[in-house]
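This report concerns only the one structure given below.
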Amino acid sequence: MESRYNPAAIEEKWQQLWVEQGVDLTPEITDKPKFYALSMFPYPSGNLHMGHVRNYTITDVIARVRRMQGHRVLHPMGWDAFGLPAENAAIDRGVHPAKWTYQNINQMRTQLQRLGLSYDWNREVTTCSPDYYHWTQWIFLEFLKAGLAYQREAAVNWDPIDQTVLANEQVDSEGRSWRSGAKVERRLLKQWFFKITAYAEQLLKDLDQLDGWPERVKLMQENWIGKSTGAEVVFKTEGGDHLPVFTTRPDTLWGATFMVLSPEHPLVEKLTTPEQAAAIQTYQKAAAAKSEIDRTAEDREKTGVWTGSYAINPVNDAAIPVWIADYVLMGYGTGAIMAVPAHDQRDFEFAKTFDLPINVVVQPADREIDAATMKVAYADEGVMVHSGPLDGIPAGKGAGQSVEAAVKWLEQNGKGKGMATYRLRDWLISRQRYWGCPIPVIHCPSCGIVPVPEDQLPVQLPEDVEFSGRGPSPLAKLTDWINVSCPTCGEPARRETDTMDTFMCSSWYYLRYPDACNDHQAFDPAKTNDWMPVDQYVGGIEHAILHLLYSRFFTKVLRDRGILNFDEPFKRLLTQGMVQAAAYKNPKTGKYFAPSLLDLADPRDPETGDPLETVFEKMSKSKYNGIDPEQVLAKYGADTARMFILFKAPPEKDLEWDDADVEGQFRFLNRVWRLVTEFADRSTAASAANGALSKAEKDLRYAIHNAILQITEDLEGDYQFNTAVSELMKLSNALTEAPCKKSFIYQEGVETLVKLLAPFAPHIAEELWHLLNHSDSVHQQPWPQADPTALVVDEIPLVIQIMGKTRGTIQVPAAADKQQLEQYARESDLAQKYIAGKEIKKVIVVPGKLVNFVVE
RNA sequence: ACCCCUGUGACGAAAUCGGUAAACGUAACUUGCUUAAACCAAGUGUGUUGCAGGUUCGAAUCCUGUCAGGGGUACCA
């Protein structure tokens with residue numbers, strides 16, 4: 001018999017056997033409760049990194065436990081395989097994106113298989129494969145039919161490095177592209193959009209359904225959707241045009257002293273007087289050149305130009321000047337605002353810069369505000385003044401306060417209505433790149449936009465293309481491919497050359513797994529409705545808005561198309577923390593150094609000799625702190641890597657890589673190995689039960705069933721894998737120390753340990769299970785059940801407190817009631833020492849826990 | 001500026017409902033095994049839970065303030 005733990009020998013063996021036996025395939029039996037466990041699928045960059053390992057290990061443990069607990073489990077994997085890196089590889093190295101991508105997929109699949117992840121590989125999906133993108137195109141056409149896909153010319157984010165447009169979600173708060181990091185520019189282009197704003201309210205409201213999501217992710221989505229409630233008020237220009245504005249403070253309408261339009265507002269041209277035309281046009285040009293981020297950056301001086309015209313305030317018929325300024329955005333509200341400088345800081349600054357009038361309409365209780373002397377806008381509570389019908393009403397958004405009264409007045413007088421606006425913008429989904437899913441649309445000079453008929457899908461990506469440089473998409477140059485006849489009228493027409501945002505492909509992949517091989521449908525709704533929603537989704541926090549918001553949107557649209565019967569795709573979400581490692585940084589220069597160049601006992605900058613700072617940061621090439629999973633697997637095996645990752649930190653927290661702790665887990669698995677093999681080696685079988693258990697047996701049995709209870713609890717709810725592993729260690733320690741190694745209880749303990757270990761370290765558990773003379777798989781064993789009778793104890797320690805300070809414990813019968821507990825406590829030597837001669841004012845008894853004496 | 005999260009031994013962490021703070025593991029040290037070291041085994045030490053108040057018989061846990069680190073949003077009308 002193998003006497004040493006040798007992961008290299010057993011891991012590969014079991015991985016092969018499991019594939020042969022099909023133990024990880026999804027069962028089709030329907031009498032078991034379903035459980036859909038899903039990790040966010042990776043982009044096939046070619047190399048697995050530790051973040052992936054952590055993500056997939058977590059999901060794998062969840063899937064394995066559920067299987068043992070009697071669920072039919074769907075646990076699939078696939079590839080988010082369209083995207084720019086493949087195209088850049090083609091440009092830089094001359095490899096076709098498809099070849100590069102599929103090579104990477106093969107490499108990464110092998111790496112994943114080495115981790116012992118229990119995937120049903122029969123359901124693998126690859127978004128760049130025509131079998132898959134066929135249905136991405138079909139979904140696009142569904143959106144088109146629903147009126148939720150449209151083309152529009154708009155000022156959009158242009159990434160100058162990747163040479164493509166980007167959605168708002170893909171630009172960070174500093175105006176940089178999520179992928180290339182380049183500062184985005186603003187360009188006026190005709191682009192495809194998805195009308196996600198039509199679902200803003202539902203996307204916001206249904207966050208309430210997501211009890212199993214981290215609060216902070218829900219909060220981030222809530223902020224991103226950015227609902228503001230207020231009113232739409234319709235102003236009129238002197239020429240009689242309607243000029244609606246959105247405001248959250250309709251109550252301050254009587255204090256509006258001017259209006260500001262976005263430079264792109266359609267009425268600007270009409271409102272501009274000949275004298276102002278030159279100034280307005282200059283300003284419009286300057287604004288167009290700036291990105292939205294630049295325009296809205298804070299602490300910029302207010303700029304603007306008067307159009308020369310006036311508008312009529314509908315509440316008092318006052319004529320107020322109409323300005324344009326770039327701080328008003330065409331994409332939000334109506335692209336026009338009424339300015340109330342006395343009560344809005346931005347308007348106040350604008351009024352001060354251009355010497356415009358300020359009218360106070362809210363007065364605070366404790367002082368009097370004077371328009372001439374005020375230094376900042378007043379936005380707090382007070383009482384309405386100079387506001388006609390609102391005079392005397394308390395200012396505020398609550399019931400019976402001024403905003404409510406103003407909305408009521410507007411509606412009664414036909415001057416406006418209550419309304420909500422959202423910060424969320426429509427999703428820009430077209431990209432000027434080759435390696436993406438073609439948009440299945442044909443542009444016909446006479447019929448306009450014509451969808452490619454469903455029987456002609458998929459529109460295949462042409463393979464024979466040239467990648468010359470980072471110019472425009474190579475598709476735009478393929479005249480043979482572009483020129484087609486219109487499917488409706490047969491006249492010459494042109495294909496759409498833009499491809500879809502890759503987030504489109506990943507917004508529905510989880511719907512495909514339940515029916516991944518379907519070649520005549522995206523999926524059979526019956527199968528998808530059966531498996532969905534995903535019971536547990538696991539992935540990185542970086543998708544808190546992007547992928548998770550888009551997927552929720554897709555789900556709701558397909559539900560409204562009658563294809564799906566649920567509202568939300570992901571019932572529970574776990575966002576795992578980053579994997580960090582020590583990096584060595586010169587605090588003066590900010591430069592990082594590879595550990596191989598340094599003496600780690602005293603790290604110094606090799607150039608300057610400065611002492612270096614050791615910091616834990618996300619693994620990256622530029623910081624020289626990456627740990628290659630391949631090397632860890634080669635040295636310790638997958639089971640150790642898994643155990644380390646699970647034990648080192650709770651799943652949502654960042655995890656600091658530490659080689660010493662990896663060693664620690666390897667040692668633990670070695671201890672388990674010895675413990676089990678030594679037991680299996682003993683030829684004398686464990687003695688059977690005869691009569692009552694000894695004290696040692698009872699104690700051991702308690703330890704076994706307590707471990708079952710604790711680990712089972714840790715795997716429910718918050719997924720505390722770190723404490724679950726520590727419970728495994730405690731059980732292992734208890735078995736090592738147990739004086740009753742010949743008892744059948746000891747055998748129960750050893751077998752339970754192996755079963756409890758199975759989801760965490762699947763290979764060693766399987767090997768040990770077989771060494772214990774079992775011929776079936778440990779992964780098909782039922783999850784151990786804690787026996788309540790084993791957890792009953794005769795005596796418990798009772799804490800004695802005096803004035804809330806713990807003084808010690810006494811042993812008391814577990815069955816004692818409150819009165820008896822107090823009695824035991826009073827009589828104990830421990831308490832006597834402190835309460836002798838003192839008056840006891842109060843006694844607090846917490847059954848099963850403590851007795852506290854409050855004395856004089 | 002606003003919102004959110006996190007501060008516990010040398011380090012990672014654990015502590016249902018407020019009830020023995022530090023389980024479990026790293027690292028360090030001692031001893032045994034060994035020719036020696038590693039491995040392995042036995043053992044040892046580390047604490048006013050970031051800080052200041054408050055509530056309570058009792059606070060890591062609840063409340064107020066404050067400091068530090070991280071994240072999100074940001075002229076959104």
Side-chain angles (χ1 to χ4, degrees), chain A residues 4 172-174 214-224 226-228 230 245-250 252 259-260 262 292-293 295-300 302 325-329 331-340 344-347 349-350 421-425 541-542 544-545 577-578 616 643-644 647-650 652-665 667-668 670-671 674 710 713 717 720 722-730 732-733 736 797-809 841-855:
Chain A
R4 248 184 65 244
D172 70 13
S173 58
E174 286 174 350
E215 282 304 319
R216 78 175 165 141
V217 174
K218 289 194 276 185
L219 202 68
M220 280 164 74
Q221 293 213 355
E222 192 182 317
N223 289 340
W224 186 260
K227 182 175 183 175
S228 299
V245 300
F246 173 74
T247 175
T248 56
R249 291 297 302 274
T252 61
M259 294 186 78
V260 187
S262 161
E292 184 162 307
I293 299 291
R295 278 176 57 170
T296 57
E298 212 178 343
D299 54 73
R300 271 184 66 229
K302 290 283 175 293
D326 61 8
Y327 79 92
V328 176
L329 307 171
Y332 186 78
T334 61
I337 62 163
M338 65 170 199
V340 185
D344 182 285
Q345 186 58 25
R346 292 155 297 173
D347 299 345
E349 286 165 22
F350 196 86
T421 306
Y422 303 86
R423 214 194 63 102
L424 182 73
R425 311 292 168 84
I541 186 76
E542 66 274 17
I545 294 170
M578 283 186 293
F616 276 90
M643 291 290 284
F644 163 75
F647 178 68
K648 178 71 178 174
E652 328 74 38
K653 265 199 156 188
D654 289 345
L655 180 153
E656 294 177 0
W657 191 270
D658 180 356
D659 288 328
D661 283 321
V662 180
E663 291 272 2
Q665 288 305 316
R667 280 203 291 265
F668 170 63
N670 271 287
R671 282 200 296 276
R674 277 197 304 275
Q710 298 302 327
E713 274 178 13
Q720 293 167 303
N722 52 334
T723 50
V725 172
S726 80
E727 291 296 333
L728 287 169
M729 291 171 167
K730 283 188 207 169
S732 156
N733 293 345
T736 306
L798 183 72
V799 174
I800 306 297
Q801 288 187 345
I802 314 294
M803 301 293 285
K805 277 210 167 62
T806 299
R807 295 301 183 184
T809 61
K841 291 176 74 179
K842 200 173 168 189
V843 181
I844 288 128
V845 181
V846 182
K849 282 257 162 66
L850 62 83
V851 175
N852 183 15
F853 295 99
V854 184
V855 295

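A distance of 9.5 Å separates CG of A:Asn852 from CD1 of A:Ile800, quoted to the nearest 0.5 Å. With rounding to the nearest 0.5 Å, the separation of CD1 in A:Ile545 from CG in A:Leu424 is 10.0 Å. For the atom pair A:Asp347 CG and A:Arg249 CZ, the distance stands at 11.5 Å (nearest 0.5 Å). How far NZ of A:Lys842 is from CE of A:Met803: 11.0 Å, rounded to the nearest 0.5 Å.
Of the listed nucleotides (B:rU73, B:rA23, B:rG25), B:rA23 has the atom at the smallest distance from the side chain of A:Ser726. Side-chain proximity of A:Lys648 to B:rG72, B:rG12, B:rC57: nearest is B:rG12.
Residue contacts shown for A:Gly226 are absent, as no nucleic acid heavy atom lies under 4.0 Å away. Among the atoms of the strands shown, only primed sugar atoms or phosphate atoms (P, OP1, OP2) are found under 4.0 Å from some heavy atom of A:Thr806. A:Tyr422 comes within 4.0 angstrom of no nucleic acid atom, judged by non-hydrogen atoms across all strands. A:Asp347 comes within 4.0 angstrom of no nucleic acid atom, judged by non-hydrogen atoms across all strands.
Between A:Glu215 and A:Lys218, at least one side-chain nitrogen of the basic residue sits less than 4.0 Å from a carboxylate oxygen of the acidic one, meeting the salt-bridge criterion.
The C1' atoms of B:rC75 and B:rG7 are separated by 34 Å, rounded to the nearest whole Å. Separating the P atom of B:rA27 from that of B:rC17 is a span of 33 Å, rounded to the nearest Å. Rounded to a whole angstrom, the distance from the P atom of B:rC11 to that of B:rG54 is 30 Å. Look at the C1' atom in both B:rA28 and B:rG45: the space between them is 9 Å, to the nearest Å. Taking the C1' atoms as reference points, B:rA23 lies 25 Å from B:rC5, given to the whole Å. As rounded to the nearest Å, B:rC3 and B:rG12 have C1' atoms that lie 30 Å from one another. Here, B:rU26 and B:rA13 have their C1' atoms 10 Å apart, quoted to the whole Å. The separation of B:rA59 from B:rC2, taken at their C1' atoms, amounts to 31 Å, rounded to a whole angstrom.
Here the closest heavy-atom approach between residue A:Tyr422 and residue A:Tyr332 is recorded as O-CE1, 3.4 Å. What you find for A:Asp654 and A:Ala649 is that their closest heavy atoms are O-CB, 3.8 Å.
Residue A:Arg425 places no side-chain N or O under 4.0 Å from the OP1 or OP2 atom of B:rC76. Contact annotation: A:Lys842 reaches the phosphate of B:rC57 (side-chain N/O to OP1 or OP2, under 4.0 Å). For the pair A:Arg346 and B:rC76, the criterion of a side-chain N or O lying under 4.0 Å from OP1 or OP2 is met. Between A:Ser228 and B:rA77 there is a side-chain N or O to OP1 or OP2 distance below 4.0 Å. Phosphate proximity of B:rC76 to A:Asn223: absent, as no side-chain N or O sits under 4.0 Å from OP1 or OP2.
In this structure, CZ of A:Arg807 is placed 13 Å from C1' of B:rG58, rounded to the nearest angstrom. As a whole-Å value, the separation of A:Lys730 NZ from B:rA13 P is 18 Å. When the C1' atom of B:rG12 is taken as reference, atom CZ of A:Phe616 falls 9 Å away, rounded to whole Å. Put simply, CD on A:Glu727 is 13 Å from C1' on B:rG25, counting in whole angstrom units. One interatomic measurement links the two molecules: CD of A:Glu656 to P of B:rG69, which rounds to 17 Å at whole-angstrom precision. Following rounding to the nearest Å, A:Asp658 (CG) and B:rA27 (C1') show an atom-to-atom distance of 9 Å. Computed from coordinates, the A:Leu219 CG to B:rG72 P distance equals 13 Å when rounded to whole Å. Rounded to an integer number of Å, the gap from CZ of A:Arg667 to P of B:rC24 is 15 Å.
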Dump every N/O contact between nucleotides 14-19 of chain B and the protein below 3.5 Å, one line per pair.
{"unit_1": "B:rA14", "atom_1": "OP1", "unit_2": "A:Asn722", "atom_2": "ND2", "d": "2.8"}
{"unit_1": "B:rA15", "atom_1": "OP1", "unit_2": "A:Gln720", "atom_2": "NE2", "d": "3.4"}
{"unit_1": "B:rG19", "atom_1": "N2", "unit_2": "A:Gln801", "atom_2": "OE1", "d": "2.9"}
{"unit_1": "B:rG19", "atom_1": "N2", "unit_2": "A:Asn852", "atom_2": "ND2", "d": "3.4"}

Give me the distances for all protein-to-nucleotides 41-44 of chain B N/O pairs that come in under 3.5 Å?
{"unit_1": "B:rA41", "atom_1": "OP1", "unit_2": "A:Arg674", "atom_2": "NH2", "d": "3.4"}

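Taking the six-membered ring for Trp and thresholds of 30 and 60 degrees, A:Phe350 and A:Tyr327 have ring planes inclined between 30 and 60 degrees apart.
Residues A:Asp661 and A:Arg249 each lie close to RNA chain B; by heavy-atom proximity, the contact nearer the 5' end of the strand is made by A:Asp661. Two residues, A:Ala336 and A:Asp654, neighbour RNA chain B, and the one matched to the more 5' nucleotide by heavy-atom proximity is A:Asp654.
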**Prompt:** Yes or no on side chain to side chain contact (heavy atoms under 4.5 Å, CB included) for A:Leu329 and A:Arg425, after CA distance, side-chain angles and deciding distance?
**Reply:** CA-CA 12 Å; A:Leu329 307 171; A:Arg425 311 292 168 84; 4.2 Å; yes
**Request:** Might you work through the side chain to side chain contact (heavy atoms under 4.5 Å, CB included) test for A:Gln710 and A:Thr723, ending with a clear yes or no?
**Result:** CA-CA 9 Å; A:Gln710 298 302 327; A:Thr723 50; over 6 Å; no
**Request:** Tell me, with the steps shown, if A:Thr247 and A:Met338 meet side chain to side chain contact (heavy atoms under 4.5 Å, CB included).
**Result:** CA-CA 8 Å; A:Thr247 175; A:Met338 65 170 199; 3.7 Å; yes
**Working for side chain to side chain contact (heavy atoms under 4.5 Å, CB included), residues A:Val725 and A:Gln665** = CA-CA 10 Å; A:Val725 172; A:Gln665 288 305 316; 4.1 Å; yes
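Annotation: A:Arg216, atom CZ; neighbour count of heavy atoms from other residues, nucleotides and ligands within 6.0 Å does not exceed 12.
In this structure, B:rG9 is classed as syn because its glycosidic torsion stays within 90° of zero. In textbook terms, a nucleotide whose glycosidic angle is within 90° of 0 is syn, while B:rC33, being further out, is anti.
Judged purely by atom type and a 3.5 angstrom limit, A:Gln221 uses its side chain to pair as donor or acceptor with the backbone of A:Ala544. Here the side chain of A:Ser732 pairs no donor or acceptor atom with the backbone of A:Leu728 at under 3.5 angstrom.
Counting only Watson-Crick or G-U wobble pairs whose defining distances are both under 3.5 Å, the stems of 3 or more consecutive pairs in RNA chain B are B:1-7 with B:67-73, B:10-12 with B:24-26, B:28-32 with B:40-44, B:50-54 with B:62-66.
Applying the 3.5 Å distance criterion, the base of B:rC57 shares no donor-acceptor pair with the side chain of A:Lys841.
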